[in-house]
Amino acid sequence: RRLAFSPLLVACSSSNDARGVSMVLTFDVPLPVKAVSLWQPWAYAITTLGKDVENRVWSTDYRGVLLIHASQRWDPRAYAGLIEAGLDLPPPEGLERGGFVGACRVVDCVTASDSPWFDGPFGFVLRDARPLPFTRYAGQRQLFDVPEAVWEPLFVHMDGLFSWHS
């Protein structure tokens, strides 16, 4: 399967001297950029608490950038369990819902893991997770494609998730 790439050009400049310095960096963004919709507090756990595995009953071959979407629904039992485990969470009303809240990279899909977050049967192994400015968007089931017009404004906050060259 071949991936399409969208070259995203970013102009950088520095004026350390009278001449100034400028360059253009090109980021190769594999298309489509995917997302997964999660109930809170699980989206928060990925973006902020170090949850490095997303458990699913289905596997995926997808590898790459994954936007984290917090659905409108939330899981009060999971919230209570994370609080009981000593994790620091905002109050439930402080957990944003109904849009994108973060991003990470999917690097593998496994059926076993030493991660304390794994309970299977499949686990998407996540790396480089970080919160993003909240962007309202309707979620979908399974992994879903995100239009470039939606993810492009978030790009500046996704340092390290895409490859680049000058």
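By convention here, the first residue in the shown sequence is residue 1.
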message = Other residues, nucleotides and ligands only: do more than 12 of their heavy atoms fall within 6.0 Å of CD on E93?
response = yes

remark   = The ring-ring contact (aromatic ring centres under 6.0 Å, His included) partners of F118 (sequence neighbours excluded) come to none

inquiry  = Determine whether a donor-acceptor pair (N or O, by modelled atom type, separation under 3.5 Å) exists between the side chain of K34 and the backbone of V36.
reply    = no

ask   = What's the spacing between I68 CD1 and I46 CD1 if we round to 0.5 Å?
value = 4.5 Å

Gap between atom CH2 of W74 and atom CG of L38 - 0.5 Å precision = 15.5 Å

ask   = Looking at residues at least two apart in the chain, or sitting in another chain, which of them share a ring-ring contact (aromatic ring centres under 6.0 Å, His included) with F100?
value = H69, Y137

message = Just so I know, are the side chains of P41 and L95 near enough to count as touching, which here means a heavy-atom distance under 4.5 Å?
response = yes

inquiry  = Do Y79 and L87 make a side-chain contact, defined as non-hydrogen atoms from C-beta onward lying under 4.5 Å apart?
reply    = no

request  = Please answer whether the main-chain N or O of V125 pairs with a side-chain N or O of R127 as donor and acceptor at a distance below 3.5 Å.
outcome  = no

task = Looking only at non-hydrogen atoms, find the nearest pair between Y62 and L143 and report the distance.
result = CB-CD1, 3.9 Å

ask   = Within the distance-only criterion (no hydrogens, no angle test), does the side chain of R56 pair as donor or acceptor with the backbone N or O of E54 below 3.5 angstrom?
value = no

request  = Could you tell me the separation between the SG atom of C104 and the CG atom of L67, rounded to the nearest 0.5 Å?
outcome  = 8.5 Å

key: Note, T60 side chain near Q142 side chain (heavy atom, < 4.5 Å)   = no

Minimum side-chain heavy-atom gap D88-I83 below 4.5 Å = no

inquiry  = Under a 3.5 Å distance rule, please check whether N55 uses its side chain to pair with a backbone N or O of G120 as donor and acceptor.
reply    = yes

request  = Decide whether F122 and V107 are clustered together by the hydrophobic rule: side chain heavy atoms of Ile, Leu, Val, Met, Phe, Trp, Tyr closer than 4.5 Å, transitively.
outcome  = no

inquiry  = A side-chain contact here means heavy atoms from C-beta on lying under 4.5 Å apart; do R63 and D108 qualify?
reply    = yes

message = If you define the side chain from C-beta out and look only at heavy atoms, does anything of Q40 sit under 4.5 Å from D75?
response = no

task = Could you pull out all residues at least two apart from W39 that satisfy ring-ring contact (aromatic ring centres under 6.0 Å, His included)?
result = none

inquiry  = Before we go on, tell me: are the rings of F124 and W58 under 6.0 Å apart, centre to centre?
reply    = yes

message = Please report the interatomic distance OG(S37) to CZ(R73), rounded to the nearest 0.5 Å.
response = 11.0 Å

